[in-house]
Protein chains: 2
Amino acid sequence: MAVTLADVAARAGVSSATVSRVLNGNYPVAGSTRERVRRAVAELDYVVNGQARALAAASSDLVGVLVNDVADPFFGLIASALQREIAAGPGRLPGDGKLAVVCNTGGSPEAELTYLTLLERQRAAGVVLTGGAVEDRQHTAAVTARLARLAASGTRIVLCGRPPLPDAGAEITTIAFDNRGGARRLTEHLLSLGHRRIGCVAGPLERSTTRHRLEGHRAALAAYGLAPEVAAGEEFRDLPGRPVVHGGYDRSSGYDGALELLRKDPAVTAIVAANDTAALGVCAALRDRGLSVPGDVSVAGFDDLPFSVDAAPALTTVRIPLQEAGARAGRLVLGRSAPPPGAMATVATELMVRGSTAPPSGSAR
Amino acid sequence: MAVTLADVAARAGVSSATVSRVLNGNYPVAGSTRERVRRAVAELDYVVNGQARALAAASSDLVGVLVNDVADPFFGLIASALQREIAAGPGRLPGDGKLAVVCNTGGSPEAELTYLTLLERQRAAGVVLTGGAVEDRQHTAAVTARLARLAASGTRIVLCGRPPLPDAGAEITTIAFDNRGGARRLTEHLLSLGHRRIGCVAGPLERSTTRHRLEGHRAALAAYGLAPEVAAGEEFRDLPGRPVVHGGYDRSSGYDGALELLRKDPAVTAIVAANDTAALGVCAALRDRGLSVPGDVSVAGFDDLPFSVDAAPALTTVRIPLQEAGARAGRLVLGRSAPPPGAMATVATELMVRGSTAPPSGSAR
DNA sequence: GATGCGGAAGAAAGCGCTTGCTATACAGAT
DNA sequence: ATCTGTATAGCAAGCGCTTTCTTCCGCATC
C-alpha cells in the first residue's frame with residue numbers, strides 16, 4: 001500500500017541503500033544520482049517510515065514530557081516552549097527536529113512510572129520531568145531506578161522544576177527553580193509592609209515545591225524573629241497567627257484554604273498562596289467573606305502566570321521564567337547545549353509587587 | 001545491550017513467538033507456559049520495543065494533536081482532556097493506551113503541513129487538528145490532500161473546533177463549536193442591554209473561528225436592524241459606530257485593538273473581544289484610558305477560560321465545553337466511540353453573563 | 001600495460017517484533 | 001490400532017529501513 005524505499009529505488013533505478021543515503025545525507029552520492037532520487041521521492045510523495053528507521057538505526061524522534069496537567073498554565077508554558085525548541089531541527093530545517101509526547105501524570109507517582117515505561121517502550125530520545133517531585137522514599141527510589149535505566153540505554157533525562165536526583169548518576173541534568181529564595185523574598189515583602197499574622201495556603205504535602213516554598217516562607221519569618229528556627233526536615237510549626245493549611249494548586253483549594261485559614265485565625269492580615277491559581281481562589285473567598293484585597297487582607301501568589309497581572313487586584317507574586325526554563329530543558333534534552341557545571345542549574349525567581357499586597361490596615365475589623 | 005524478546009524466550013525456555021503471544025494475549029498459550037514467560041519477563045525487567053512492534057504489526061501507539069499553542073488555555077484544556085482520554089487503555093489498563101504527540105503550529109499553515117508529514121512518518125494511529133482553520137484556498141487543499149492520504153493509510157482523523165472538510169471523504173470526523181450561535185447570543189445580550197455602538201476586537205483574518213464569530217455578531221446586529229444584511233462571503237462592513245479591528249488571540253492584541261477602536265469611534269459603549277485573553281487586554285487598555293468597565297464601556301470575551309471568572313470585573317463571555325470536546329475527540333480518534341451522524345457534531349455554546357457587561361450609562365463622556 | 005587507489009553503488013545482514021503456517025502431542029472417535 | 005480433531009508451540013518469513021562490507025569503475029602511477 002504505502003510507498004517504500006524500494007519503490008523509490010526502483011523508480012530512480014538505484015538500490016534502496018542509495019536512496020537511504022540520499023535521504024540521510026551521511027554518505028557521498030554523486031550529484032546526478034542524488035537528483036534522480038530526489039525526483040523519484042517527490043513524484044511518489046514518499047514519506048519515510050519512522051518506525052523502520054528507528055528500529056534499524058536505533059534512534060528515535062520522540063521526547064517525552066511529563067507534566068502534572070498540561071492545561072495548567074505553569075506546565076503549559078513549560079511544555080509549549082520545550083516543544084517549540086525541540087521541533088526546530090538542528091539546522092532549523094523543518095522535518096528534522098523531534099516530536100514531544102506530553103503526558104499528564106496528575107501528580108500521581110504510579111502514573112509517572114507508567115509513563116516512563118511507555119516512553120522506554122518507544123525508546124524515546126529523551127525525557128523531561130517537570131514540576132515538583134513527590135517526596136516519598138519508595139517512589140523516589142523507583143523513579144531513580146527507572147531513570148537510571150533509561151539514561152543507561154541512551155535516553156537523555158532532564159528534570160525541570162524539581163530537585164536533582166543524586167543517586168541516579170551524573171547523566172541526569174537538573175534545572176531547579178529557586179522556590180525557596182522566591183518564597184523568602186515574598187514573605188519578607190509582606191513583613192516589611194508590616195504584616196505579622198501571615199497565613200499560608202500551601203500546596204500539597206510531600207511535594208518538593210511545597211516544601212521549598214514553605215522553607216523560604218519560614219526562613220523569612222525566622223529572620224524577623226517571628227518563629228523559632230526549625231531544623232531542616234522537621235515539621236513546620238503551625239504557629240498561632242501564622243497558620244498553614246495544605247491543598248492543591250487549583251482555585252478551589254485556594255478558596256477552601258482561605259476559609260479554613262480565617263477559621264484558624266480570623267485576624268490574619270496577609271495570605272500567601274500555593275501559586276497564582278490558588279491565589280485567585282483565596283481572593284474569591286475573601287471577597288465572599290466581605291473582606292477586601294488588599295484593604296483587609298493582602299494576598300500573594302506564586303509563578304506569575306499570565307493572568308495574574310489582570311486579576312482584581314493585580315497579584316503580587318514571584319515570577320519564574322517558565323518559558324526560558326522549558327526552552328532550556330529542550331536544548332539540554334537533545335544535547336544541543338552543554339549541561340551546566342554539576343549537571344544542575346538553578347533559575348532565579350523574581351518578586352513582582354503589584355496591587356494585591358499593601359500595608360495592613362491599623363483599624364480593627 | 002537491551003533485553004529482547006529472544007532473551008526472555010531463552011530464559012523461559014520457549015520460542016520468541018510464544019513470548020510475543022503471552023505479551024499480546026491474542027493467541028492461546030497454556031497456563032503453565034504463560035506463567036513461566038511472565039516470570040521471565042519480570043526477572044529480566046523486559047520492556048517491549050515499541051518501534052519493532054509497530055513495524056511488524058503495522059500499528060502505532062501515537063496520536064498527534066495539532067494546536068496553535070498548548071500554553072494557550074483554550075488549547076491546553078482540549079489537549080489535556082484528549083491526552084487523558086487516550087492514555088487510558090481500552091480496558092483501563094495502564095500500559096495500554098496511546099501517547100499524545102502535541103505540536104504547536106502557531107497558526108502557521110506551513111507548520112501544520114510539516115507536522116502532518118512528521119506524524120505520517122511516525123505512522124500515527126490518529127491525528128486531531130484543533131482550533132480554527134486558516135481559510136486559504138490553497139492551504140485548505142493541501143491539508144485536505146494530506147489528511148485524505150493519512151486517512152487512506154489507516155490514520156484516524158478528527159477535527160476539533162474547526163469546520164468540516166467536505167472534500168476529504170467521510171473518514172474525517174468533525175467536532176465543531178457553535179461559534180456563530182454563541183457570538184450572536186453575546187451581541188444580542190449587549191443589544192438588549194441597550195448598547196448600539198458596539199466595537200469588535202476580532203481575531204486574525206482568514207480564520208474560520210474569526211469569521212464565524214463575526215458572522216454571529218453581525219447576525220445579531222442585523223436582527224436589530226442595525227446593519228444591512230450582507231450576503232454570505234461578502235466582506236463585513238465596518239460601519240461607523242460598530243467598528244471592527246483584527247488582531248490575535250492574545251492580550252496585547254486586545255490592548256492595541258481597544259485603543260484603535262476608541263480612535264475609530266470614541267463613543268463605543270461596548271466591546272466584544274476575540275476571546276477572553278484578548279478581553280483582558282481590552283480591559284487593561286480601557287483602564288489605562290481612564291474608562292471603567294462596565295461603567296463606561298462593557299466588555300465581553302469568548303471561550304470562558306478558567307481565569308475569566310476572576311478577572312476584574314468577571315468577564316461576560318461564551319462558554320465552550322473545551323474539555324468535553326477534547327475528551328470526545330480522544331474517543332473518536334481511537335474509534336472508541338462511534339462517529340456522529342454525518343461525521344459531524346456541533347457542540348453548543350453557552351452565554352455566561354457576568355460583571356463586565358451592563359447597560360450603557362446615559363451620561364455623555 | 002600492470003598496479004593501486006579513491007569514489008560511488010549494490011548486496012545483504014540485520015534491527016526486534018508479529019503471525020501464517022507447520023509440527024507435535026495427546027484425546028477421543030472409528 | 002488407525003484416523004481425525006484440537007490444543008500448543010515452533011519455524012521462519014517478513015515489516016521497511018540502515019549500514020557494513022564488497023564490488024565495480026575510472027584514472028593516475030610506475
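Remember, predicted model here, so these are calculated numbers, not experimental data. Throughout, protein chains are lettered first and strands after them, A, B, ... in sequence-line order, and every chain is numbered starting at 1.
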Within the 4.5 Å heavy-atom criterion, are A:Thr33 and A:Thr18 side-chain neighbours or not? yes
Below 4.5 Å, heavy atoms only, C-beta onward: do A:Leu332 and A:Pro340 meet side chain to side chain? yes
Among D:dT19, D:dC11, D:dC17, the one nearest A:Leu5 by side-chain distance: D:dC17
Members of residues 24-42 of chain B that approach DNA chain C, where some heavy atom sits under 4.0 Å away: B:Asn24, B:Asn26, B:Tyr27
Quantify the bending of the helix from C:dG1-D:dC30 to C:dT30-D:dA1 as the angle between its end axes, each fitted on five pairs, to 10°. 60°
Can you tell if the side chain of A:Leu119 reaches within under 4.5 Å of the side chain of A:Leu62, non-hydrogen atoms only? no
Heavy-atom contacts under 4.0 Å between residues 48-60 of chain A and DNA chain D, which residues? A:Val48, A:Asn49, A:Ala52, A:Arg53, A:Ala56, A:Ala57
With B:Arg328 via salt bridge (charged side-chain N to carboxylate O under 4.0 Å, His left out) - residues at least two apart: none
Given side chains that start at C-beta, do those of B:Asp69 and A:Arg84 come closer than 4.5 Å, heavy atoms only? yes
Please name all residues satisfying side-chain hydrogen bond (donor to acceptor under 3.5 Å, both in side chains) with A:Glu110, sequence neighbours left out, ordered by chain then number. A:Ser108
Can you name the residues that form a side-chain hydrogen bond (donor to acceptor under 3.5 Å, both in side chains) with B:Asn49, not counting sequence neighbours? none
D:dG10, OP1 or OP2 - any side-chain N/O from B:Thr18 closer than 4.0 Å? yes
For A:Arg146, which residues count as a salt bridge (charged side-chain N to carboxylate O under 4.0 Å, His left out) partner, sequence neighbours excluded? A:Glu120
For chain A, the stretch of DNA chain C it reaches, first to last nucleotide, under 4.0 Å of its heavy atoms: C:dA8 to C:dG16
Only counting residues at least two apart or in another chain, list the ones meeting side-chain contact (heavy atoms from CB on, under 4.5 Å) with A:Arg156. A:Val333
Regarding A:Ser20, tell me which of base, sugar-phosphate or nothing describes its non-hydrogen contacts under 4.0 Å with the strands shown. base
My understanding is that only residues two or more places apart in sequence, or in another chain, count here; which of them pass salt bridge (charged side-chain N to carboxylate O under 4.0 Å, His left out) with A:Arg34? none
Pairs involving residues 129-139 of chain B, ordered by first then second residue, that meet salt bridge (charged side-chain N to carboxylate O under 4.0 Å, His left out) (sequence neighbours left out): B:Glu135-B:Arg211
Are the side chains of A:Val158 and A:Thr174 in contact, using a 4.5 Å heavy-atom criterion? no
Any pair with a residue in residues 42-65 of chain A that passes salt bridge (charged side-chain N to carboxylate O under 4.0 Å, His left out), sequence neighbours left out, goes on the list, sorted by first then second residue, please. A:Arg11-A:Glu43, A:Asp45-B:Arg149, A:Asp61-A:Lys98
